[in-house]
Chemist: 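Mind having a look at this structure? Questions to follow.
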Amino acid sequence: MISEHSLPTPVRVRFAPSPTGTLHVGSARTALYNYLFARHQRGIFVLRIEDTDAARSRQEFERSILDDLAWLGLEWDEGPDKGGDLGSYRQSERSGAGLYSGYARRLMDENKAYHCFCSQERLEELKQECLSRNEMPQYDRRCGDIPRQEAEARLAAGEPAAIRFRVADGEVVVDDLIHGRTVFPAGVIGDFIIVRSDGGPSYNFAVVVDDIDMEITHVIRGEDHLTNSARQLLVYRALAQEPPSFAHHSLIMGPDGGKLSKRHGATSVGEFRRLGYLPAAIINYLALLSWAPPSGREQMSKAEMIKDFEIHRVARSPAIFDLQKLNWLNGLHIRDLDGEAFHKAITPFMGRAAGLASEGQLAVAEKAVQTSLVTLADAAGQLAAFFDQKPLAEAEEAAELINAASMRVLELALARAAALNGAAEFNAAGAGEEIEAARLMLSGLKQECRQEEIAPKQMYRTFRIALTGRASGPELPFLLAGLARETVRQRLEAARDFAAARLGSKGQAG
RNA sequence: GCCCCCAUCGUCUAGUGGCCCAGGACACCGCCCUUUCAAGGCGGCGGCGGGGAUUCGAAUUCCCCUGGGGGCACCA
């Protein structure tokens, strides 16, 4: 038994997205598992861009994928923007440098690959034939026995040709770190293309060459690649190279059990970012989607995940994406942020509040919402009380102000409000003290009301409605500290006058 | 259709033959705390897909069925 610590080769893993779209949460999870595995083993995490599909690849997608990965905190050690000793990390550049052709020539020379001149149309017919015979579609090897000289001649004459890998009979065993041993009969695989007729390497070929050149030791990717792994294993064998270890994790499903797609809501990292999710919560949730540490802990920091992550503990079955649990974790991580970090995180979501408010007011508002947010984007709604007072005449709740007790509360409150500092008069550093002062003022007022036999509940409710025109919102001490002293006075007076007017007319009518 | 993978509460999971008439978390419901809404605390509801076999004993091993997922490109 060899212990992990005595493994001679340093672990090298890679995340290899193709820049044909933005970073999906499924891909992000693949990246995360690679990252956690690498960091746990003190290995190297490589980022490689698989852009051999020139028609679909776009520069802007590459940039956005890099952005999202960085935002998630999955730093890579080698990559297209960072460089590294083992070559270019963009397949298009590697192809341009001729890195694949040498390997392809070698396979040709050893008769392990051959030129295929079949047309797209013939291939399509072949597929339909197989299907109609209830067989797994595969190439019939028509070009497999064309003599080398004849092939060269046709090539020289300008006939387009792809290069196919000759799949030998037998079986292919994928030894998987998560699934264990799975066996594919080679017969069902069929000779696959390794070099397209345009000269570019196909996926299954480029990946193997890159992984060899980049000395990748472990390939961690989604289960949708299981059959690709079988093909790639064949290429390693043909090239007489030691293959890496494989691990295929399950895929993420939508709530209805089907493939996770846009109709289920947000699916890309960028969308979650804009919706107000914290990167810490996203990677925490994604990790939990099919992995659990021995401790059973749910909320974890990145460092804790790195410490505990072990690939063999990743579950084998598909996992359904559960937004509610992500929401729960997001709330926990928001609450865990210290003042400065929360300020940084929430600022982009403060909307017009940021421009409207003083530094002191902003500081109070932030303290007021941090304990109750699910997403950062929820802040705007919760902050409305600070900035949009519903006119009392329009507020249904204002009816509760029209009675003697409420009037009395407003009088007493008005008398004490003068002693308060409003947020216009202090800065962020003083926010805590002012909130405390507001708390004190409220408890004094409560005592006073008690003596006059007014229930605290009524006092608080009256106060709240008078200040905001609403029955719910941030805690009163925050509201009091967060509004300018002058605003507090005006609103209390307006409420008193409002109530007095209705009470008076009511009296006259009766 | 063929090949491969998977199968514990609604959801994510713990569980590697006896510690499990199955534990935790989210969600849901109730109670408590409380100036509102949250948060927090406490409690409740709820599951080993079915059938065989092995065994003194099976969620755990094997087989079959069923169900779900993935793959079957000159896409990655």
Side-chain angles (χ1 to χ4, degrees), chain A residues 16-20 50-53 55-57 91 116 118-120 123-124 127 130-138 160-164 174 176 178-179 182-185 187-190 192-200 202-204 206-207 222-228 230 248 250-251 253 255 257-259 285 288-299 313 315-329 331-332 335 369-374 378 382 385 397 442 446 455-465 468 470-477:
Chain A
S18 61
T20 54
E50 311 219 316
D51 57 351
T52 50
D53 186 346
R56 293 197 303 148
S57 296
Q91 279 183 340
C116 174
C118 291
S119 69
Q120 222 44 260
L123 260 21
E124 183 56 32
K127 182 177 168 184
C130 288
L131 252 24
S132 69
R133 265 180 289 143
N134 285 342
E135 283 169 15
M136 194 161 148
Q138 57 171 260
I163 298 177
R164 276 185 194 275
V174 181
D176 190 287
I178 295 171
H179 292 275
T182 69
V183 183
F184 292 84
V188 305
I189 293 176
F192 54 92
I193 300 241
I194 56 174
V195 178
R196 297 190 230 111
S197 53
D198 68 4
S202 75
Y203 171 75
N204 279 116
V207 164
E223 237 171 50
D224 50 342
H225 283 290
L226 204 57
T227 50
N228 283 330
H248 297 90
S250 65
L251 270 17
M253 300 291 131
K259 202 187 205 119
Y285 177 68
L288 238 39
L289 214 40
S290 46
W291 171 74
S295 68
R297 285 198 55 185
E298 306 264 342
Q299 188 191 358
R313 283 188 64 91
R316 290 178 289 274
S317 45
I320 290 174
F321 193 87
D322 180 12
L323 189 64
Q324 309 223 69
K325 188 150 184 175
L326 205 213
N327 283 340
W328 169 68
L329 278 170
L332 293 187
R335 253 143 257 142
V369 298
Q370 189 176 1
T371 56
S372 60
L373 291 179
V374 171
D378 292 337
Q382 298 195 13
E397 291 87 349
L442 283 166
K446 183 164 75 174
K457 199 151 185 153
Q458 180 174 11
M459 168 230 142
Y460 281 111
R461 203 172 159 86
T462 298
F463 212 142
R464 172 183 299 286
I465 294 170
T468 67
R470 297 160 210 264
S472 72
E475 286 182 37
L476 233 24

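Chain letters run A, B, ... following the sequence lines, proteins first and then strands; every chain starts at 1.
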Chemist: When you measure from the side-chain N and O atoms of A:H179 to the phosphate of B:C6, is any distance below 4.0 Å, counting only OP1 and OP2?
Modeler: yes

Chemist: NA contact type, A:S57, heavy-atom cut-off 4.0 Å: base, sugar-phosphate, or nothing?
Modeler: nothing

Chemist: Taking B:G50 as the reference, what is the distance to B:A7 when you measure between their C1' atoms (whole Å, please)?
Modeler: 12 Å

Chemist: Got a donor-acceptor contact below 3.5 angstrom from the A:S197 side chain to the A:P160 backbone?
Modeler: no

Chemist: Using whole Å, what does the distance between atom P of nucleotide B:A39 and atom CG of A:N327 come to?
Modeler: 11 Å

Chemist: Considering only the P atoms, how many Å lie between B:C48 and B:A59, rounded to the nearest integer?
Modeler: 11 Å

Chemist: Scan A:H248 against the nucleic acid and name what it touches under 4.0 Å (heavy atoms): base, sugar-phosphate only, or nothing.
Modeler: nothing

Chemist: Does a distance-only test, which skips hydrogens and angles, find a donor-acceptor pair under 3.5 Å between the side chain of A:S197 and the base of B:C74?
Modeler: yes

Chemist: Side-chain donor or acceptor of A:N228 under 3.5 Å from a matching atom on the base of B:A76?
Modeler: yes

Chemist: Using atom P of each nucleotide, how far apart are B:G47 and B:C37 to the nearest Å?
Modeler: 33 Å

Chemist: Please state the C1' separation for the pair B:C33 and B:G43 - nearest whole angstrom.
Modeler: 15 Å

Chemist: May I ask you to say what A:M253 touches in the nucleic acid, namely base, sugar-phosphate or nothing, with a heavy-atom cut-off under 4.0 Å?
Modeler: sugar-phosphate

Chemist: Ignoring hydrogens and geometry, is there a side-chain-to-backbone donor-acceptor pair from A:R297 to A:Q299 under 3.5 Å?
Modeler: yes

Chemist: Using a cut-off of 4.0 Å on non-hydrogen atoms, how would the nucleic acid contact of A:L373 be classed: base, sugar-phosphate, or nothing?
Modeler: nothing

Chemist: Can you figure out which of B:C74, B:G70, B:C75 approaches the side chain of A:D224 most closely?
Modeler: B:G70

Chemist: Considering non-hydrogen atoms only, spot the tightest contact between A:L329 and A:E298 and give its length.
Modeler: CD2-O, 4.2 Å

Chemist: Using the C1' atoms only, state how far B:U8 lies from B:A58, rounded to an integer number of Å.
Modeler: 14 Å

Chemist: Sub-3.5 Å donor-acceptor pair from the side chain of A:R335 to the main-chain atoms of A:T371, do we have one?
Modeler: yes

Chemist: Describe the nucleic acid contact of A:E475 in one word from base, sugar-phosphate, nothing, applying a heavy-atom distance below 4.0 Å.
Modeler: base

Chemist: So which nucleotide from B:G15, B:G69, B:A76 ends up closest to the side chain of A:R313?
Modeler: B:G15

Chemist: Could you check whether any side-chain N or O of A:E397 sits under 3.5 Å from a backbone N or O of A:S472, counting only pairs where one atom can act as donor and the other as acceptor?
Modeler: no

Chemist: Can you tell me, in whole Å, how much space there is between the P of B:C29 and that of B:A39?
Modeler: 12 Å

Chemist: Of all the choices, B:C4, B:A27, B:G1, which nucleotide is nearest to the side chain of A:L226 once you look at every atom?
Modeler: B:C4

Chemist: Name the closest nucleotide to the A:A162 side chain, picking from B:C3, B:C74, B:A25.
Modeler: B:C74

Chemist: For B:C5, does OP1 or OP2 lie under 4.0 Å from any side-chain N or O of A:S250?
Modeler: no

Chemist: Using a 4.0 Å heavy-atom cut-off, does A:Q120 contact any base of the nucleic acid, only the sugar-phosphate backbone, or nothing at all?
Modeler: base

Chemist: Reckon A:V183 touches a base, only the sugar-phosphate, or nothing at all at heavy-atom distances under 4.0 Å?
Modeler: sugar-phosphate

Chemist: Quick check on side chain to side chain donor-acceptor pair (under 3.5 Å): which of A:Q91, A:E50, A:H225 does A:Y203 satisfy it with?
Modeler: A:H225

Chemist: Can you identify which nucleotide, out of B:U35, B:A14, B:C26, has its nearest atom closest to the A:A292 side chain?
Modeler: B:A14

Chemist: Donor-acceptor pair, A:H248 side chain versus A:H179 backbone, under 3.5 Å?
Modeler: no

Chemist: Considering only atom C1', compute the distance from B:C45 to B:U36 and round it to an integer number of Å.
Modeler: 29 Å

Chemist: Which nucleotide sits closest to the side chain of A:R335: B:A27, B:A39, B:U36?
Modeler: B:A39

Chemist: If you find the nucleotide of RNA chain B closest to A:C116 and the one closest to A:G296, which residue's nucleotide is nearer the 5' end?
Modeler: A:G296

Chemist: Tell me whether the OP1 or OP2 atom of B:A76 has a side-chain N or O from A:R56 closer than 4.0 Å.
Modeler: no

Chemist: If pairing requires Watson-Crick or G-U wobble contacts with both distances under 3.5 Å, which nucleotide is the partner of B:C56?
Modeler: B:G18

Chemist: NA contact type, A:E298, heavy-atom cut-off 4.0 Å: base, sugar-phosphate, or nothing?
Modeler: base

Chemist: Classify the nucleic acid contact of A:S290 as base, sugar-phosphate or nothing, counting any heavy atom under 4.0 Å across all strands shown.
Modeler: sugar-phosphate

Chemist: Using only side-chain N and O atoms of A:R196, determine if any of them is under 4.0 Å from OP1 or OP2 of B:C75.
Modeler: yes

Chemist: Pick the closest RNA chain B nucleotide for A:A319 and for A:P160 by heavy atoms, then say which residue is nearer the 5' end.
Modeler: A:A319

Chemist: Check whether any side-chain N or O of A:R464 sits under 3.5 Å from a backbone N or O of A:P474 as a donor-acceptor pair, and report yes or no.
Modeler: yes

Chemist: Indicate, with a heavy-atom threshold strictly under 4.0 Å, whether A:P477 touches base, sugar-phosphate, or nothing.
Modeler: base

Chemist: So what does A:R316 hit on the nucleic acid, given a heavy-atom distance under 4.0 Å: a base, only sugar-phosphate, or nothing?
Modeler: sugar-phosphate

Chemist: For the base of B:U35 and the side-chain ring of A:Y460, does the geometry meet a stacking cutoff of under 5.5 Å between centres and under 30° between planes?
Modeler: yes

Chemist: Regarding A:S472, tell me which of base, sugar-phosphate or nothing describes its non-hydrogen contacts under 4.0 Å with the strands shown.
Modeler: base

Chemist: Identify which nucleotide among B:G40, B:U11, B:C3 has an atom closest to any side-chain atom of A:F184, counting heavy atoms from C-beta outward.
Modeler: B:C3

Chemist: Please give the distance between the P atoms of B:U60 and B:G1 as a whole number of Å.
Modeler: 29 Å

Chemist: Which of the following nucleotides, B:U11, B:A73, B:A27, is nearest to the side chain of A:W328?
Modeler: B:A27

